[in-house]
2 protein chains.
Amino acid sequence: MQHSRNSMARRKTESTTQILSTLKAASSAMSHQMIQEELDIEVDRATIYRVLNRFCEDGMVHRVIGENGKQYFALCEGCEKENHSHNHFHFRCKNCGKVECLSREIEIKLPAGYVAQNFNGLISGVCAQCA
Amino acid sequence: MQHSRNSMARRKTESTTQILSTLKAASSAMSHQMIQEELDIEVDRATIYRVLNRFCEDGMVHRVIGENGKQYFALCEGCEKENHSHNHFHFRCKNCGKVECLSREIEIKLPAGYVAQNFNGLISGVCAQCA
DNA sequence: CTTATTATTGCAACACAGTCGCAATAGTAT
DNA sequence: ATACTATTGCGACTGTGTTGCAATAATAAG
Ligand SMILES: [Mn+2]
Ligand SMILES: [Mn+2]
Ligand SMILES: [Zn+2]
Ligand SMILES: [Zn+2]
């Protein structure tokens, strides 16, 4: 089977399937570390990052930057393959560390001539469970 | 003169005044590195961070987290000393690196029981000058 | 099934951001 | 001038995320 001219398709490995199902099982966005702790098998840190970056490239996962500067990854739910925008906020609880998607899509008007490529909205505080 | 019971007032030093005026001169948010490069005198990295953190504590400056996970600092303009909220977006140009405040204040509704402590909104892309 | 191709992995090394302890320095009040 | 202590520089440290390289393993082809 042919794929894009210069590259083969993604390969299905133990690491990729486990990371993917971990993200599916979680209802929230996870850091590389949270993922690593959930995995049944041992997977190298670098590999986890590479897998996640691939997932993002392929549009299966979106990346969130916390107010702590760290990356969190969440499965894409209702994503158009075409118009792949994740303009929604996330909430990170400073107590339990959970990072949730807030679902409502936001629209931000930019000054004339500005081109948006990436959206990152995050509110941190204390979640209902921890309050 | 008395200040809060356990701590002396802030002291005016060459570092603090220079960093402050650098932020005033800049129309945009700056990283610790951008600041360091602008300074006339040499100031240690750790000191710059400490000064900036103090400015944030005192509510003179607000902190922005880029989609690159890095911190940027901008002077507070029209800030109430009481209700000190910076619920506006920022735009970071991936080409020239400039980080601008988008001024319009945003309101985000959180699920019941959630308490917001911090807002970070950032859109990255290409600015009008670089487009 | 066997073989060839090459995507994926583990490991080590790296770059960088941001923090912190400690001793030296320098504002500020008296 | 002196005492007090906030601030600084330095070095060391933690943690995140990336990358080069050689070994491994998924997949297609025969
Ligand atoms: Mn999300
Ligand atoms: Mn701002
Ligand atoms: Zn919580
Ligand atoms: Zn630009």
Side-chain angles (χ1 to χ4, degrees), chain A residues 1-20 29-37 39-58 60-73 92 94 97 99 118 120 122 124, chain B residues 1-20 29-37 39-58 60-61 63-73 92 97 99 118 120 122 124:
Chain A
M1 192 196 244
Q2 292 253 348
H3 292 274
S4 69
R5 226 175 318 285
N6 309 336
S7 73
M8 232 33 199
R10 302 298 191 197
R11 292 183 182 174
K12 188 177 182 178
T13 71
E14 194 61 22
S15 299
T16 59
T17 47
Q18 285 233 13
I19 293 175
L20 189 55
M30 303 176 80
S31 67
H32 98 270
Q33 200 178 28
M34 296 172 180
I35 294 173
Q36 195 171 40
E37 286 166 1
L39 293 178
D40 297 331
I41 56 177
E42 295 230 334
V43 181
D44 190 82
R45 209 160 46 94
T47 300
I48 297 181
Y49 277 117
R50 282 191 275 227
V51 170
L52 290 169
N53 285 335
R54 253 179 278 150
F55 285 170
C56 286
E57 280 175 32
D58 297 349
M60 312 165 57
V61 162
H62 62 283
R63 189 193 319 265
V64 183
I65 310 294
E67 93 290 351
N68 52 14
K70 291 179 191 163
Q71 303 183 351
Y72 296 85
F73 301 87
R92 195 180 86 85
K94 284 182 177 169
V99 177
N118 191 272
N120 196 74
L122 188 128
S124 55
Chain B
M1 192 194 243
Q2 290 258 344
H3 291 274
S4 71
R5 227 174 317 285
N6 311 335
S7 73
M8 236 27 204
R10 303 297 191 197
R11 292 183 181 175
K12 189 177 183 179
T13 69
E14 193 62 23
S15 299
T16 59
T17 46
Q18 284 232 13
I19 292 176
L20 189 57
M30 303 176 78
S31 67
H32 97 271
Q33 201 177 29
M34 296 172 179
I35 294 173
Q36 195 171 40
E37 287 164 0
L39 294 178
D40 297 330
I41 54 176
E42 295 230 333
V43 181
D44 189 80
R45 208 162 44 96
T47 300
I48 296 181
Y49 278 117
R50 283 191 274 226
V51 170
L52 290 169
N53 286 336
R54 250 178 283 151
F55 284 172
C56 286
E57 280 174 32
D58 297 348
M60 313 164 57
V61 162
R63 189 192 318 264
V64 183
I65 310 294
E67 92 291 349
N68 52 14
K70 290 179 192 162
Q71 304 184 353
Y72 296 86
F73 301 86
R92 195 180 86 86
V99 177
N118 191 271
N120 196 73
L122 187 128
S124 56

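So that the names make sense, note that chain A is the first sequence line, chain B the second, and so on, each numbered from 1.
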*Does a nitrogen or oxygen in the side chain of A/T13 sit under 4.0 Å from OP1 or OP2 of C/dT8?*
no
*asked:* Under 4.0 Å from OP1 or OP2 of C/dT19: is there any side-chain N or O of B/Y49 that close?
replied: no
_Interatomic spacing from CD1 in B/I65 to CZ in B/R92 - rounded to 0.5 Å_ = 12.0 Å
_Interatomic distance, A/Y72 OH vs D/dT16 C1' [rounded to whole Å]_ = 11 Å
*Starting at the 5' end of DNA chain C and moving along, which residue's nearest nucleotide shows up first, B/G69 or B/R50?*
B/G69
*For D/dT7, does either OP1 or OP2 sit under 4.0 Å from a side-chain N or O belonging to B/R54?*
yes
_Whole angstrom value for the distance that separates P of C/dA17 from CD of A/Q71_ = 15 Å
*Closer to the 5' end of DNA chain D via nearest nucleotide, is it B/R45 or B/E42?*
B/E42
*Roughly how many Å is it from CD in A/Q36 to P in D/dG17, rounded to a whole number?*
12 Å
*So, do B/Q18 and B/V43 sit near enough that their side-chain heavy atoms are less than 4.5 Å apart?*
no
_Gap between atoms CG and P, on B/L52 and D/dT7 respectively (whole Å)_ = 14 Å
*Specify the separation, in whole Å, of atom NZ of A/K70 and atom P of D/dT18.*
15 Å
*Sugar-phosphate only, base, or nothing, as touched by A/E14 at under 4.0 Å among non-hydrogen atoms*: nothing
_Any base atoms under 4.0 Å from B/S15, or only sugar-phosphate, or nothing? Heavy atoms, all strands._
sugar-phosphate
*A/T16 pairs by side chain to side chain contact (heavy atoms under 4.5 Å, CB included) with which of A/L52, A/T47, A/V51?*
A/V51
_In whole Å, I'd like the distance from the CD1 atom of A/I48 to the C1' atom of C/dC11._
14 Å
_Candidate nucleotides C/dA17, D/dC4, C/dT5, ranked by approach to the side chain of B/Q33 - the nearest_ = C/dA17
*Output yes when at least one side-chain N/O atom of B/N68 is less than 4.0 Å from OP1 or OP2 of C/dA17, else no.*
no
*Think B/N53 has a side-chain N or O under 4.0 angstrom from the OP1 or OP2 of C/dG18?*
no
*asked:* Ignoring hydrogens and geometry beyond distance, is a side-chain donor-acceptor pair present between A/N120 and A/R63 at under 3.5 Å?
replied: no
*Return the value, rounded to whole Å, for the distance between atom CD1 of A/I35 and atom C1' of D/dG17.*
14 Å
_Rounded at 0.5 Å granularity, tell me how far NE2 in A/H62 sits from CZ in A/F73._
11.0 Å
*Rounding to a whole Å, what distance do you find between A/F55:CZ and C/dT8:C1'?*
12 Å
*asked:* For a quick test of reading the model: is some side-chain N or O of A/R10 closer than 4.0 Å to OP1 or OP2 of C/dT8?
replied: yes
*Between C/dT8, C/dG10, C/dG18, which nucleotide gets closest to the side-chain atoms of A/D44?*
C/dG10
*asked:* Which nucleotide wins on minimum distance to the side chain of B/A46, given the candidates C/dT28, C/dT9, C/dT19?
replied: C/dT19
